There are 4 protein chains.
Amino acid sequence: MTQSDPIQAQLIAARRNQILDAATKVFAQKGFHRATIKDVAKEAGIADGTIYNYFENKTGLILGLLERLNETRNRAANLEQVSQGDLQEQMRTYMAHRFETLEAQGFDLLQVLLSELLVDADLRDLYYQQIIKPTYDLAQTSFKQWEDDQRIKAIDPFLSTRIISGAFLGLILLRLLGDTELQERWHELPAAITEIVLHGLLPGENNEQDANR
Amino acid sequence: MTQSDPIQAQLIAARRNQILDAATKVFAQKGFHRATIKDVAKEAGIADGTIYNYFENKTGLILGLLERLNETRNRAANLEQVSQGDLQEQMRTYMAHRFETLEAQGFDLLQVLLSELLVDADLRDLYYQQIIKPTYDLAQTSFKQWEDDQRIKAIDPFLSTRIISGAFLGLILLRLLGDTELQERWHELPAAITEIVLHGLLPGENNEQDANR
Amino acid sequence: MTQSDPIQAQLIAARRNQILDAATKVFAQKGFHRATIKDVAKEAGIADGTIYNYFENKTGLILGLLERLNETRNRAANLEQVSQGDLQEQMRTYMAHRFETLEAQGFDLLQVLLSELLVDADLRDLYYQQIIKPTYDLAQTSFKQWEDDQRIKAIDPFLSTRIISGAFLGLILLRLLGDTELQERWHELPAAITEIVLHGLLPGENNEQDANR
Amino acid sequence: MTQSDPIQAQLIAARRNQILDAATKVFAQKGFHRATIKDVAKEAGIADGTIYNYFENKTGLILGLLERLNETRNRAANLEQVSQGDLQEQMRTYMAHRFETLEAQGFDLLQVLLSELLVDADLRDLYYQQIIKPTYDLAQTSFKQWEDDQRIKAIDPFLSTRIISGAFLGLILLRLLGDTELQERWHELPAAITEIVLHGLLPGENNEQDANR
DNA sequence: TATGAATGAGCATTCATTCAT
DNA sequence: CATGAATGAATGCTCATTCAT
């Protein structure tokens, strides 16, 4: 009936974001289950019922958060440029970038989503298909390429991908679980991970100096 | 009222375990929040009210589960013998053992606990102090020792510990999040992790063949 | 504010009818309580709020439907001509006509209205005064006339009226309650009712053949 | 766990009846939809939640009421004895008895149930199958018997049954709809119905005087 | 101690109604 | 007048917890 689809769409998107922002904040403080719709509405400065004009139900808020995460990630992925320099430099940059992206998302959000993902199988599948799988596939492709170029050893790319992204994910989890010391040295991680992953812990020739050469 | 301490204590412990077993099963199936006390009681074959004779409240069940996990871990740690062989062999054995211990606990339980930990700050602190921190400290001590013995390079033991246990934790999380392929190749992980962590991905002398020798 | 009475009035009446048509359809499908204003508005192709320009509130829609029913009935009553023929013929024709009128109204609508009437005392009184009472009075007058003319026996006209219109109403109710067989033989009812009411079930001289003579 | 099934069953039945009594009262006053569970609980002198220990949900209360109606009816049917005397006497007694049974149930209850039946198709089917249909079948059998015995004319038993029970039902509906005069003369109905149904309205030999003799 | 019926606070969700545009 | 987003009161239902037996 009313004209101006695009303006309408913008208003709707704005309202959705307003609600999701509030949800992020409230869920992070209280956890998804303990937080009430009233809490979220109050935080957003709107009425309870309004939320239901923009989201199917409470779970819809989680879906909305996942969507936003997905969009942000995709946008980030598009911007991601092949970094210059040698492999170690590339990897370090890549890791640093990934960590930054996450930092921008807010660890609170991750905490909430992760907690729900662990509990809700449907959500888990959705997240796995939409976010984890694509990330893997990309990483795995890079690994194969490096392997083909003989820049890295011929180790199983599947397992390597899992192990490295696992380390990544695990460090985040450790931080979420309250490792404050880790938090303080967060910025040192990209270099440290890269160092270990590329050269290993054993003493010998594959040391950093060599690699940088 | 309570005479006969030892027998009483055993009965109480037995009942607590009976309830916790039921809780483990039910929480694993439905998740902590969706599971009701009635569910747990039914599974344990007792009345709802009886649970409250052994646990403060529903959260008490989680605490009880964490406690048991802690005990199991401690017992496992005590049994853990310094494995024979070279460093790689030792590490591989250690990893395999840790994975086995986890496997025995049941991933379902882990899923539930993790989900609650992420949401409940008090629980998180408790878990961090009781389980994560001690594990770190132990691992970090080993690292320092190896470093002193010059069996590994002098990389920051703090970060190394975090990265490796992070990888460990992260891989579990990936599996919990639904990576079925990873699940199928689960037994290959100890060797793969050890290989990467010790020798790195770069081609060179520290290669697997040497290490296996 | 409101100039141009006649045109305005027509527009208003048209819109009211448009809304009531939609309400009839929606209420018939979902029942009054399950149907929402949004449903009615959507069916009418207008906005929710618009309905409130033409009706006080949701109950106002029921009142509006009753009003229309009333008007239709009055119009029908005015058109109702004293049918020719003997008493049985007259009665049969009258009954058939009444059934037809109802049929035209739609049984669904009746179902909805009846359900609300049973629940809402105010509505009930209104309906009783506006529709049921007048119908009675009319019928009762006819009965008295027939009685005076000695065309029927001198039985209490009050009770006779109630019993016969009760039979009428009851048959409708039976149909509304799901008697599909009755529905299939619906057209046979006027004759059957008339036969029983005039001649009775006992075997004897007052049989149909005689009466038709 | 606890012994004494029969006592348990009695307690449960008592509590159910207590709740249904309260529901009858409250629903009759406010109507099913306007009445809240809280209302019913308050009337029954129990907590809201307790209702849900005995009934699935709010609709379950209606089902419970129907069940009780059904049981009462069955019990009444079993007690129903073939009355002595001529056909008119029998019919009059039967009608009077049916009216009494209804009166005992309380018209309020009927009002509530009828209203819901009209709106809820599932409930309607249930009621039709459980109560209306059996009643019909019984009545229709009697009709056929009388017909075979040539005590009544050979009119279609199907339609006759519907018309007479329709009259019955319709009179109740008229009363429910607020016909207070009818209410006052309620006790005269059995005789009046019987008179009309057996002898008809036409003057002639099958007249009341004969029948009453 | 064990029981499980009773409790009632708590919450997601609906939807009639309003009102700024 | 028409719109439809916003409102928020209202309510069915859940379930952790209590306590009389």
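Fair warning: this is a prediction, and the values are worked out from it, not measured in the lab. We name chains A, B, ... by the order of the sequence lines, and we start the count at 1 in each one.
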Hey, can you pull the residues of residues 14-29 of chain C with a non-hydrogen atom under 4.0 angstrom from DNA chain E?
none
Report yes if at least one side-chain N or O of A:Asn53 is closer than 4.0 Å to OP1 or OP2 of F:dG4; otherwise report no.
no
With the side chain counted from C-beta on, respond yes when D:Leu61 and D:Ile37 share a heavy-atom pair under 4.5 Å apart, and no when they do not.
yes
Euclidean distance, atom CD of residue D:Gln8 to atom P of E:dA5 [Å, nearest integer]:
6 Å
Partners meeting side-chain hydrogen bond (donor to acceptor under 3.5 Å, both in side chains) with A:Gln10 (sequence neighbours left out)
none
With sequence neighbours excluded, residues passing side-chain hydrogen bond (donor to acceptor under 3.5 Å, both in side chains) with B:Gln129:
none
I'd like to check the side chain to side chain contact (heavy atoms under 4.5 Å, CB included) partners of C:Ala47; sequence neighbours left out, ordered by chain and number.
C:Thr50
Should the pair A:Phe32 and A:Phe27 be assigned to parallel (<30°), tilted (30 to 60°) or perpendicular (>60°) ring geometry?
perpendicular
Going 5' to 3' through nucleotides 16-21 of chain E, assign each nucleotide B (protein heavy atom under 4.0 Å from a base atom), S (under 4.0 Å only from sugar-phosphate atoms) or - (no protein heavy atom that close).
SBB---
note: D:Ile51, atom CD1; E:dA5, atom P; distance rounded to Å ~ 16 Å
Using side-chain heavy atoms (C-beta onward) and a distance below 4.5 Å, is B:Asp120 in contact with A:Arg34?
yes
Is there side-chain contact between C:Gln130 and C:Leu66, with heavy atoms separated by less than 4.5 Å?
no
B:Tyr54 has an atom OH; how far is it from atom C1' of E:dA2, in whole Å?
8 Å
Output the pairing pattern of DNA chain F as a dot-bracket string, 5' first, Watson-Crick or G-U wobble with both distances under 3.5 Å, | for cross-strand pairs, [ ] for crossing pairs.
.||||||||||||||||||||
Atom pair distance, as rounded to whole Å: CD1 in D:Ile46 and C1' in E:dT7:
10 Å
Measuring from C:Tyr54:OH to C:Ile46:CD1, what's the distance to the nearest 0.5 Å?
8.0 Å
Please name all residues satisfying side-chain hydrogen bond (donor to acceptor under 3.5 Å, both in side chains) with C:Lys42, sequence neighbours left out, ordered by chain then number.
none
Mind calculating the distance between CZ (D:Arg34) and P (F:dA9) to the nearest angstrom?
21 Å
Donor-acceptor pairs under 3.5 angstrom involving side-chain atoms of residues 106-119 of chain B: please list them, not counting sequence neighbours.
from, atom 1, to, atom 2, distance (Å)
B:Gln111, NE2, A:Leu118, O, 2.9
B:Ser115, OG, A:Ser115, O, 2.9
B:Ser115, OG, A:Ser115, OG, 3.3

Can you name the residues that form a side chain to side chain contact (heavy atoms under 4.5 Å, CB included) with C:Leu63, not counting sequence neighbours?
C:Leu123, C:Leu126
Residues in side-chain hydrogen bond (donor to acceptor under 3.5 Å, both in side chains) contact with D:Thr72, at least two apart in sequence or another chain
none
Apply salt bridge (Lys or Arg N to Asp or Glu O under 4.0 Å) to D:Arg68 and list each qualifying residue two or more places apart in sequence or on a separate chain.
D:Asp21
To the nearest angstrom, how far is A:Phe55 atom CZ from F:dA5 atom P?
15 Å
What residues 111-122 of chain B contributes to the DNA chain F interface at heavy-atom separation below 4.0 Å is none
Rounded distance (Å) that lies between atom C1' of E:dA12 and atom CG of A:Leu61:
11 Å
